[in-house]
There are 2 protein chains.
Amino acid sequence: MPVASDETRDSGPDRISEAEYAVMEPLWERSPLTALEICEVVCSRRDWSLATVKTLLSRLVAKSAVATEPDGRRFLYTPLLEKDEYTGSESLRLVDRLFGGRAAPLFAQLAEAEALTDDDLAEMEALLKELRK
Amino acid sequence: MPVASDETRDSGPDRISEAEYAVMEPLWERSPLTALEICEVVCSRRDWSLATVKTLLSRLVAKSAVATEPDGRRFLYTPLLEKDEYTGSESLRLVDRLFGGRAAPLFAQLAEAEALTDDDLAEMEALLKELRK
DNA sequence: TCATGACAACTACAGATGTAATCATGCAGG
DNA sequence: CCTGCATGATTACATCTGTAGTTGTCATGA
């Protein structure tokens, strides 16, 4: 018979919150980092205390979004969830939820909000050309 | 001196949650609607009770996202927040948070996730042509 | 050796969110 | 006239989120 499943459920792809995302950012820039190094980056931007960063880090560890590696006294944190994985799934979620899975209306919205820079237009044009080839 | 500000703060553009969004959808399709009519649309999809829909409606009213108009015994609900307003600001938020305000990387992500249909590509191409004119 | 300081772990707590049950009230039918 | 259904209002409650304070532990320098 199979081993009785212990409580450490794999939990699937737990969504990470906005505050947690802020903690991931420095890790995506460079890793591994200590809690203090992460705080140096985000605590000023968000006016957080080091304790807050640590709480968020432990939640991220619980969600298997970052890994820890002991380094003597402290821990080094490394992202497990890749940035592209995250931005990709969030983007898909938005398109699905708000635009019925169609990307064109999203694009139209952004255009209407004048959120498209000339650079964006140029890059997208290039991308489109590539895709239709 | 200025009038002492009373407690009814205008509260600004309160964000609406995902569940609340589900209640807005039928209203954007057709309005005004009664709570029951809304439930007929969403309660099956989300496996909700009528009570849940009513709670969400009252939260939306509190956030000034929908308006009520008495109709004898019950209320008729009408959206105040327009769909485009919502999808637009959500889209902007996503682009800002995840892609530093640039839309091109978002589309690159979607392309990579193969979330762009041929129709999307065609529509976007047309729109691009329009925008660069 | 002993106090200090640096960390991670644990605890806290208010507000938002998801999901409803219960309360109150007024109209419609007997 | 009274009672029951329909409907909004009020209350409930668990979980998630944002934001920390407090505790326990160890290593290091006096």
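Proteins get letters first, then strands, A, B, ... in listed order; numbering begins at 1 in each.
For the OP1/OP2 pair of D:dG18 and a distance below 4.0 Å, the side-chain nitrogens and oxygens of A:Ser17 include at least one atom meeting the criterion. At C:dC23, none of the side-chain N or O atoms of B:Lys54 fall inside 4.0 Å of OP1 or OP2 (strictly under the cut-off).
The side chain of A:Arg46 lies closest to D:dT19, out of D:dA20, D:dT19, C:dC7. Comparing C:dA20, D:dT19, D:dG8 by their nearest atom to the side chain of B:Trp48 picks out C:dA20. Among the nucleotides C:dA21, C:dA8, C:dT19, the one closest to any side-chain atom of B:Ala51 is C:dA21. In this structure, of C:dG18, C:dA20, D:dT17, it is C:dA20 that holds the atom nearest to the side chain of B:Ser49. Checking C:dC27, C:dC10, C:dT19 against the side-chain heavy atoms of A:Thr55 singles out C:dC10 as nearest.
What separates CD of A:Glu37 from P of C:dA8 is a distance of 11 Å, to the nearest Å. Rounded to an integer number of Å, the gap from B:Leu50 CG to D:dA9 P is 13 Å. In this structure, A:Arg73 atom CZ and C:dA6 atom P are separated by 13 Å, rounded to whole Å. To the nearest angstrom, P of C:dA16 lies 18 Å from CD of B:Glu18. Remark: P of D:dC5 and CZ of B:Arg74 are 18 Å apart, rounded to the nearest angstrom. The separation between B:Leu57 atom CG and D:dA9 atom P is 10 Å, rounded to whole Å. In this structure, NZ of A:Lys63 is placed 12 Å from C1' of D:dT15, rounded to the nearest angstrom. Between A:Ile38 atom CD1 and D:dT19 atom P there is a gap of 17 Å when expressed in whole angstrom units.
Between B:Arg132 and A:Glu125 there is a salt bridge, with a side-chain nitrogen of the basic residue lying less than 4.0 Å from a carboxylate oxygen of the acidic one. A salt bridge does not link A:Arg93 to A:Asp96: none of the charged side-chain nitrogens sits closer than 4.0 Å to a carboxylate oxygen.
The number of heavy atoms from other shown groups lying within 6.0 Å of CZ (A:Arg30) does not exceed 12.
If you check distances only, the side chain of A:Arg59 does reach the base of D:dT19 with a donor-acceptor pair under 3.5 Å.
Of the possible donor and acceptor atoms, none in the side chain of A:Ser31 sits under 3.5 Å from a partner among the backbone N and O of A:Leu33. A donor-acceptor pair is defined here as one N or O able to donate and one able to accept, closer than 3.5 Å; such a pair exists between the side chain of A:Lys63 and the backbone of A:Arg15.
Within the nucleic acid shown, A:Asp71 has no heavy atom closer than 4.0 Å to any nucleic acid atom.
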